[in-house]
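Source: prediction; values computed, not measured. The basis for the numbers below is simple: all heavy atoms, side chains too, and nothing from hydrogens, waters or symmetry mates.
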Amino acid sequence: EMAKLTQLIDNDVFLAYATYAAIVLLKMMLMSLVTAYFRITRKAFANPEDTASFGKGDSAKKYLRTDPDVERVRRGHLNDLENIVPFLGIGLLYALSAPELSTALLHFRIFAGARIVHTFAYLIPLPQPGRGLSWAVGYAVTISMAYKVLKTTLYL
């Protein structure tokens, strides 16, 4: 049965979900800082106003460019958005569907670990299939939670 809203604070599965949701959200937020770091160190900006500290006119225009390292970080950040957002929604429904704590922790920990490995695999970069496998593991965890919710909780 679904947990009542007033019981969430005492629900260990919900607290586990909240913990791992915060971890992956913070990781995703850090990707914004990594993107900014790469933009600044590579002097590769997307907006003219961002080049103001490097000069005016034509001298600043050369900094309006793409950089392969910046684009790699941006793709990693986009991949986080594509995978962490579904985890947040499905993970919440899963946490409210009264799974065993040990099973829920396994799902949450594997997802968070896979996303962290995926980030390192993207940024270093590690050879394939490392990045692909870490993505697939995290994706499979989200699908597993969705299956459990659909199988045991919802009326179809």
- Task: Would you please classify the geometry between the Tyr94 ring and the Phe108 ring as parallel, tilted or perpendicular, with 30° and 60° separating the classes?
- Result: perpendicular

- Note on the structure: In short, Thr152 meets Lys148 closest at the heavy-atom pair OG1-O, 2.7 Å

- Message: Would the distance check show the side chain of Ser134 and the main-chain N or O of Gly130 forming a donor-acceptor pair, the cut-off being under 3.5 Å?
- Response: yes

- Task: Evaluate the criterion side chain to side chain contact (heavy atoms under 4.5 Å, CB included) for residue pair Phe87 and Met145; output intermediate values, then yes/no.
- Result: CA-CA 9 Å; Phe87 166 81; Met145 291 187 301; 3.5 Å; yes

- Quick check: does any side chain N or O of Arg131 sit under 3.5 Å from a backbone N or O of His118, one acting as donor and the other as acceptor? no

- Item | Joint cluster assignment, Tyr139 & Tyr20, ILVMFWY side-chain distance < 4.5 Å | no

- Task: Without swapping roles, check the side chain of Arg72 against the backbone of Tyr122 for a donor-acceptor pair under 3.5 Å.
- Result: yes

- Message: side chain to side chain contact (heavy atoms under 4.5 Å, CB included) for His77 and Met29? Distances and angles first, verdict last.
- Response: CA-CA 9 Å; His77 193 188; Met29 290 172 63; over 6 Å; no

- Message: Hydrogens and angles aside, do Lys27 and Thr119 bring a side-chain donor and acceptor to less than 3.5 Å of each other?
- Response: yes

- Item | Exam field: side chain Asn11 to backbone Val13, donor-acceptor pair closer than 3.5 Å | yes

- Query: Got a second to check how far Ile90's CD1 is from Ile143's CD1, nearest 0.5 Å?
  - Reply: 6.5 Å

- Any link between Met28 and Leu88 through a network of hydrophobic side chains (Ile, Leu, Val, Met, Phe, Trp, Tyr) touching at under 4.5 Å? yes

- Message: Other residues, nucleotides and ligands only: do more than 12 of their heavy atoms fall within 6.0 Å of CZ on Arg74?
- Response: no

- Indicate yes or no for a side-chain donor-acceptor contact from Gln128 to the backbone of Gly132 under 3.5 Å, with no hydrogens or angles considered. yes

- Neighbour count above 12 (heavy atom, 6.0 Å) for Glu100 CD: no

- Message: Which heavy atom of Lys62 sits nearest to which heavy atom of Arg65, and what is that distance?
- Response: O-CD, 3.3 Å

- Task: Check whether any side-chain heavy atom of Tyr17 sits under 4.5 Å from a side-chain heavy atom of Leu96, and report yes or no.
- Result: no

- Message: I'd like to know whether His107 forms a side chain to side chain contact (heavy atoms under 4.5 Å, CB included) with Thr142, so could you lay out the CA-CA distance, the side-chain angles of the two residues, the decisive distance to 0.1 Å, and finally the verdict.
- Response: CA-CA 8 Å; His107 279 90; Thr142 304; over 6 Å; no

- Message: Nearest 0.5 angstrom please: Asp12 CG to Thr19 OG1, how far?
- Response: 10.0 Å

- Taken to the nearest 0.5 Å, the spacing of Ile23 CD1 from Ile84 CD1 works out to 11.5 Å

- In one Ile/Leu/Val/Met/Phe/Trp/Tyr side-chain cluster, 4.5 Å: Leu81, Leu92: yes

- Any donor-acceptor N/O pair, Asn83 side chain to Asn79 backbone, under 3.5 Å: yes

- According to a 4.5 Å side-chain heavy-atom criterion applied to Ile, Leu, Val, Met, Phe, Trp and Tyr, with indirect links allowed, do Ile116 and Ile124 form part of one hydrophobic cluster? yes

- If you measure from CG on Leu106 to CG on Leu101, what distance do you get to the nearest 0.5 Å? 11.0 Å

- Query: Taking all atoms of both residues into account, what is the closest heavy-atom pair of Leu105 and Ala16, and its distance?
  - Reply: CD2-CB, 3.6 Å

- Which atoms form the tightest heavy-atom contact between Val70 and Ala44, and what is the distance? CG2-CB, 4.3 Å

- Task: Report yes or no: do Val137 and Phe111 belong to one cluster of Ile/Leu/Val/Met/Phe/Trp/Tyr joined by side chain heavy-atom distances under 4.5 Å?
- Result: yes

- Message: So, taking the atom named CD in Glu71 and the one named CZ in Arg42, what distance separates them when rounded to the nearest 0.5 Å?
- Response: 12.5 Å

- Item | Stepwise side chain to side chain contact (heavy atoms under 4.5 Å, CB included) test for Val73 and Tyr37 | CA-CA 10 Å; Val73 175; Tyr37 169 79; over 6 Å; no

- Item | CG on Asp69 to OG1 on Thr35, rounded to 0.5 Å | 11.5 Å

